[in-house]
Amino acid sequence: MLRLYDSVAGEVRELEMRDPGRFTMYVCGPTVSGSPHLGHGRFSLVWDVVRRWLSFNGIDVNYVSNITDIDDRIIARARDESRSETDVADQYEAEWVDAMAALGVAAPTSDPHATAFVDEMVALIEELISRDVAYETSDGVYFDVSTVPDYGVLAGQDVDSLRAGARVETVDEKRSPLDFALWKKVKEGEPSWHAPFGAGRPGWHTECVVMSEALLGDGFDLHAGGLDLKFPHHENERAQAVVLNKRFARRWGHNGWVMVGNEKMGKSLNNFTTLSELLASTDQRAYRLLVLRSHYRSPIEVSKVTLSDAERALERLDTFARRFELAPRAGQVIERHRDSDFAGVGEQLLHNVSTRLDDDLDTPGALSLLFDALSSANSAADSGEDASARELATAVAALFGALGLSLDGSSDQEVSAHTQSLVTERDAARAQRNWAEADRLRDELVGEGWIVEDSTGGTVIRR
RNA sequence: GGCGGCGUGGCCGAGCGGUUAGGCAGGGGCCUGCAAAGCCCCGUACUCCGGUUCGAAUCCGGACGCCGCCUCCA
């Protein structure tokens, strides 16, 4: 079973399942107030890999990831652009869905929208008020963090030190600067929902508690997201649940940032590359490979250099797939372990890779094994050991598939009659050892954009 | 101010006390008519200074540099 670093325990722990064989995970999704960027891509890819790995191992994964479709920034943009909040949210949700599909991120089992759960949020807030852990002010309802004994576990600090560093002035009626909004009362021109404590909209932290509990039930197995959500978002979610004696999430996982020139990429720094920009200019698999190449908790540097680096590695993988005609195995959505993919030396590879991945998702370690195996398979094939070469190659492809990376072994291209005749002529020239003519024909093919390679079967071309 | 993280060879990036990470780029070689692909070999690496140890990139202490969280952010 997969072991992952748990942010509350502060150590790597084996995941546990509330219901054996069925894994429940909640990943905080995007606020659809703008175009998704590389940071969104990273968290999606990381947790997609976790999901795929569990699934590959025969576990049914219930993967919930929300869409926050009401929020201050959505309202601000709607106002700036003189359109409705719904319009803004719909546009960026559509962009989100497209980007996820392009990245090969499997669609969530459920994708709850915050606006569809407002009634449940209101009910939760009422309960928190009745328990006297939340209080109303003139502009909203706030959660009193002093009522949660271990508030700060995720931040790794106690309440006093958090309070000391708080950069928010206590100019309102909040009891503590750390208290956070459960409900924001409506202001002029804002969308709102009715509530006993005044019309308004839910706070972000309340949304995820309600949606995760509603769809996965209490004590679900893993709550994950980007490191920047650890505090205060996840801390605050947890506070609301814990104060009501709920177990909430059994494990908490956080992935590292995307860095841009030594700075964290983020909305506040306005230094982000959108996913559509990325996907328009690179192989769609390049970012996934980049993400897999570093540990999920480490920061990653995404640049033109690291991306093109990944693209070259993909070319090598595709060449490999072509050599072993692995195309039929490519591009499957959620792979399940199949014994037929892992025979002989391939089974050994599966074992070794599993050991790495189960150890806090050591994808860099797994990749190094896969690349080693790739070389070994090529080597075996070079020396005519076809059986073991094929065992390895099949396993390599299946394991890349398990990580969501499909190898493109396709070679069928549209070849015009003219191009085909050049190929035929070249083979004839080569048969006559007329190298000058063969080279001239090769140059002509290359001039048309083909990559030309000689094989035992003659000239092979591809784009 | 509080808390946390990082500093590895040209670049990216693993490493959690002793043995090859891996990728990309570069050099040499094998194979090939020449290429391409593939395979093999190679590189000045662990910020610095102390310490622990038979042995440290890896543990401890210190210095320097960098980043993040404590506010919306994946």
Side-chain angles (χ1 to χ4, degrees), chain A residues 10 27-31 33-34 36-47 65 71-73 76 152 154-158 160-169 177-178 180 204 224-233 235 254-259 262-270 272 289-290 292-295 297-303 305-317 319-320 322-323 356 362-372 374-383 430 433-436 438-439 442-443 446 451-455 460:
Chain A
V27 178
C28 282
T31 296
S33 63
H37 58 69
L38 296 182
H40 296 103
R42 162 106 111 150
F43 92 76
S44 304
L45 286 166
V46 164
W47 302 109
S65 190
D71 157 270
D72 291 353
R73 284 196 311 276
L154 277 163
Q157 294 190 76
D158 60 33
D160 289 340
S161 68
L162 281 168
R163 191 193 306 254
R167 283 177 274 168
V168 186
E169 286 300 315
L178 297 176
F180 57 90
W204 180 39
L227 192 54
D228 46 358
L229 297 187
K230 191 166 158 188
F231 189 91
H233 184 54
E235 187 83 55
H254 295 98
N255 61 275
W257 326 109
V258 172
M259 305 295 289
N262 225 19
E263 270 189 329
K264 176 199 164 197
M265 173 176 290
K267 282 184 182 169
S268 50
L269 286 170
N270 203 34
F272 54 87
L289 181 58
L290 208 53
L292 290 171
R293 249 175 17 178
S294 57
H295 188 83
R297 289 193 279 126
S298 300
I300 52 169
E301 185 72 37
V302 181
S303 66
V305 173
T306 58
L307 282 166
S308 66
D309 191 284
E311 285 185 298
R312 290 201 193 88
L314 284 167
E315 282 174 29
R316 185 171 164 211
L317 296 180
T319 300
F320 177 76
R322 219 176 292 118
R323 176 175 192 174
R356 298 296 190 110
D362 180 10
T363 54
L367 285 187
S368 82
L369 291 172
L370 289 175
F371 275 98
D372 277 345
L374 184 150
S375 291
S376 298
N378 273 323
S379 194
D382 284 349
S383 52
R430 292 189 71 226
R433 305 182 76 78
N434 183 351
W435 308 128
D439 289 350
R442 176 166 60 197
D443 288 344
V446 169
I451 294 168
V452 182
E453 291 177 3
D454 296 340
S455 73
V460 174

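Every chain is numbered from 1, with letters handed out A, B, ... down the list of sequences.
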Would you say the side chain of [X] and the base of [N] hold a donor-acceptor pair, judged only by whether the two atoms sit under 3.5 Å apart?
| X | N | value |
| --- | --- | --- |
| A:Asp372 | B:G22 | no |
| A:Asp439 | B:G33 | yes |
| A:Asp454 | B:C34 | yes |
| A:Arg442 | B:A35 | yes |

Side-chain heavy atoms of A:Phe231 within contact of A:Leu154, under 4.5 Å =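 Heavy-atom side-chain distance check fails, nothing below 4.5 Å.
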
Sugar-phosphate, base or nothing in reach of [X], heavy atoms under 4.0 Å:
| X | result |
| --- | --- |
| A:Arg316 | sugar-phosphate |
| A:Val27 | nothing |
| A:Gly256 | base |
| A:His295 | sugar-phosphate |

Any side-chain donor-acceptor pair under 3.5 Å between A:Asp228 and A:Trp257?
->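 No, no side-chain donor-acceptor contact under 3.5 Å.
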
If we take the P atom in both B:U8 and B:A14, what is their distance in whole Å?
->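 Taking atom P in both B:U8 and B:A14, they lie 11 Å apart.
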
Is the aromatic ring centre of A:Trp435 closer than 5.5 Å to the centre of the six-membered base ring of B:G33, with the two planes inclined by less than 30°?
->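 So yes, this residue stacks on that base, both cut-offs being met.
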
Nearest 0.5 Å please: distance from the CZ atom of A:Arg312 over to the CG atom of A:Leu289.
->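 Rounded to the nearest 0.5 Å, the CZ-CG separation comes to 13.0 Å.
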
